[in-house]
Asker: 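Sharing a structure here in structure tokens format.
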Amino acid sequence: MPQTLVTDCCIAGGGPAGMMCGYILARAGLKVSVLEKHEDFFRDFRGDTVHPSTMEALSELGLLEDFLKRPHNAFLQLSALIGDTTVQVADFRHLPTKAKFMAVMPQWDFLNFLREAGERYPNLDVRMTCEALDLIERDGRVVGVRANGPEGDLDIEARLVIAADGRSSILRDKAGLKGIDLGAPIDVLWMRLPRKPDDETVPLGRVGPGHFMIMIERGEYFQCAYVTPKGGFDAIKAEGIEAFRQRIVEAAPLTKDRVEALKTWDDVKLLTVAVNRLTKWWKPGLLCIGDAAHAMSPIGGVGINLAIQDAIAAANILAEPLKAGPVPNAPLAALQTRREGPVKTMQAIQVAIQNLVLTPVLAAKGPIKIPWPAKLLNAVPLLRQIPARVVGMGFRMEHVAPALRSDRTA
């Protein structure tokens, strides 16, 4: 027989959405279980950007000062190399937030930071190597989760289950929730390349005929994203690893003496890009947030930002109903109503960039002309605050509710 655990809220998935939501609810005095199927948070090639909106929430929770003590890179501005021209496209220095920059930190460091911050709350139970496998339903309502952990099978009964288990969410599928696929004509190949101590700061994006590449500075190495047409990885692999190295050098000549670090295809990871969202994020007793509710394109690195915004909104809306007992349907519907607009708007922007910018660039054979919007941003510094606000704050930036900023367990 499986062990049984009773909690107020069970969250499947120890990613940014799950950990942030669990932390805030635990501060509010609720008993929370967060289930993470892996033994640690160390997974490379995940979203590393921590946006000003996220750091604003950390400030409201009294965590920002400690967070910024962790090793990170701070981007005050974003630029792209289009052909041979460096174009300034975003300037975070004027945002109405505590942190007027975008931080880049390995996601495992960010998640470990939240986990360590939550260790002072005995009512926050983060269970590693514990995977949510099925829902427990009773009289048409989700009342818990069936999971498997180091000690075997586990039934967790909860007033609310939150599925934050990513774009391949098991719980979403078990609930039978359906969505719409907006399409993604691209995939992304992730890799590491060495960075030298005397390297100058490089543009984040590199655009040229047939290629689009991102280079993120991470101390001793660059984390690189090479964009390909959807399903194009097999053709690239057929050309051989040396041909792929030359593709990288063509996109970023400074890597000429470093691409040998890509010894085999094991050093290149494929991210199959998807852009989709659920038509209904909930059913009685269950709520989906983050990628489980809406998978985002990597464009702008906004997926982690939207997931955390979902988490903050969920904690704000659901903390009081959770204290009263099983959460009614109305607060779940209210959460979707609040967050669906920002998600739709951001996805529309991403799809437009995919179709109108990336697809033509990847198909181009000759020199790339700088698009007029990029020329305008480069020429008029004031306008760079617009993309900075979209990327850094998103649409309808969520604040931690004043009632949740104080520690209810103290």
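This is a predicted model, so every value here is computed, not measured.
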Asker: How long is the gap from CD1 on I349 to CD on Q347, to the nearest 0.5 Å?
Answerer: 11.0 Å
Asker: For K174, is the NZ atom crowded, meaning more than 12 foreign heavy atoms sit under 6.0 Å from it?
Answerer: no
Asker: Have a look at K230 and tell me which of D187, T272, T359 forms a side chain to side chain donor-acceptor pair (under 3.5 Å) with it.
Answerer: D187
Asker: Determine, for K196 against E220, whether the closest basic-nitrogen to carboxylate-oxygen distance falls under 4.0 angstrom.
Answerer: no
Asker: Has E119 got more than 12 heavy atoms of other residues, nucleotides or ligands less than 6.0 Å from its CD?
Answerer: yes
Asker: Taking the side chain as every heavy atom from C-beta outward, state whether L189 and I236 have any pair of such atoms under 4.5 Å apart.
Answerer: yes
Asker: Under 4.0 Å between a Lys/Arg side-chain N and an Asp/Glu carboxylate O for R338 and E398?
Answerer: yes
Asker: Is the gap between the ring centers of W108 and F113 under 6.0 Å?
Answerer: no
Asker: Distance only, no hydrogens: is a donor on one side chain within 3.5 Å (strictly under) of an acceptor on the other, for H294 and D310?
Answerer: yes
Asker: Side chains of W281 and R339, heavy atoms from C-beta outward: is any pair under 4.5 Å?
Answerer: yes
Asker: Under the 3.5 angstrom rule, does the side chain of T49 hit a backbone N or O of G301 as a donor-acceptor pair?
Answerer: yes
Asker: Please report the interatomic distance OG1(T97) to CG(L64), rounded to the nearest 0.5 Å.
Answerer: 9.5 Å
Asker: Quick test of your reading of the model: are E320 and K323 salt-bridged, counting only N-O distances below 4.0 Å?
Answerer: yes
Asker: Could you check whether Q246 and E242, counting side-chain N and O atoms only, form a donor-acceptor pair closer than 3.5 Å?
Answerer: yes
Asker: Can R247 and E239 be counted as an ion pair, charged N to O under 4.0 angstrom?
Answerer: yes
Asker: Looking only at the side chains, is there a donor atom on one of R384 and Q88 sitting less than 3.5 Å from an acceptor on the other?
Answerer: no
Asker: For the residue pair F212 and T228, establish whether any side-chain heavy-atom pair is separated by less than 4.5 Å.
Answerer: no
Asker: Got F67 and L114 here, is their nearest side-chain heavy-atom distance under 4.5 Å?
Answerer: no
Asker: Say you draw a straight line from CG of L182 to CE of M296; how long is it, rounded to the nearest 0.5 Å?
Answerer: 9.0 Å
Asker: For the atom pair CD (Q354) and OG (S297), what is the distance rounded to the nearest 0.5 Å?
Answerer: 4.0 Å
Asker: Using only atom types and a distance under 3.5 Å, with no angle test, would you say the side chain of D291 pairs donor to acceptor with the backbone of G303?
Answerer: no
Asker: Could you tell me whether a side-chain N or O of R258 sits under 3.5 Å from a main-chain N or O of P194, the two making a donor and an acceptor?
Answerer: yes
Asker: Would you say the side chain of F75 lies within less than 4.5 Å of the side chain of V104, judging by non-hydrogen atoms?
Answerer: yes
Asker: Would you mind checking if D91 and R93 are paired as a salt bridge, meaning a charged N to carboxylate O distance below 4.0 Å?
Answerer: yes
Asker: Can a donor-acceptor pair be found, under 3.5 Å and without considering hydrogens, that links the side chain of R172 to the backbone of R167?
Answerer: yes
Asker: Might you confirm whether atom CG of D84 has over 12 heavy atoms from other residues, nucleotides or ligands at distances under 6.0 Å?
Answerer: no
Asker: Check E137 with K283, please: is the shortest side-chain N to carboxylate O separation under 4.0 Å?
Answerer: yes
Asker: So, does R27 use its side chain to make a donor-acceptor pair with the main chain of R405 at under 3.5 Å?
Answerer: yes
Asker: Give a yes or no on whether the backbone of V202 and the side-chain of E217 come within a donor-acceptor separation of less than 3.5 Å.
Answerer: yes
Asker: So do the side chains of N316 and H399 get within less than 4.5 Å of each other, counting heavy atoms only?
Answerer: no
Asker: Is a salt bridge present between D267 and R245, judged by a nitrogen-to-oxygen distance below 4.0 Å?
Answerer: no
Asker: With heavy-atom distances below 4.5 Å as the criterion, would you say the side chains of P16 and L111 are in contact?
Answerer: yes
Asker: What is the distance from atom CD1 of I312 to atom CD1 of I308, rounded to the nearest 0.5 Å?
Answerer: 7.0 Å
Asker: Answer yes or no: are there more than 12 heavy-atom neighbours, outside E65 itself, under 6.0 Å from its atom CD?
Answerer: no
Asker: Can a cation-pi geometry be assigned to R195 and Y221, taking NZ or CZ under 6.0 Å from the six-membered ring centre and within 45° of the ring axis?
Answerer: no
Asker: Would the distance check show the side chain of E157 and the main-chain N or O of L5 forming a donor-acceptor pair, the cut-off being under 3.5 Å?
Answerer: no
Asker: I want to know whether W190 and Y226 have ring centres closer than 6.0 Å.
Answerer: no
Asker: Any salt bridge linking E36 with R127? Criterion: basic side-chain nitrogen under 4.0 Å from a carboxylate oxygen.
Answerer: no
Asker: Looking at I386, L204, L78, I82, which hits side-chain contact (heavy atoms from CB on, under 4.5 Å) with V89?
Answerer: L78
Asker: Between the side chain of S59 and the main-chain N/O of M55, is any donor-acceptor distance below 3.5 Å?
Answerer: no
Asker: Is a side-chain N or O of T7 found less than 3.5 angstrom from the main chain of K31, in a donor-acceptor match?
Answerer: yes
Asker: May I ask you to decide if L30's main-chain N or O and D8's side chain share a donor-acceptor pair within less than 3.5 Å?
Answerer: no
Asker: Heavy atoms, side chains only, cut-off 4.5 Å: are F244 and M191 in contact?
Answerer: yes
Asker: Roughly how far, to the nearest 0.5 Å, is CD1 of I248 from CE of M215?
Answerer: 9.0 Å
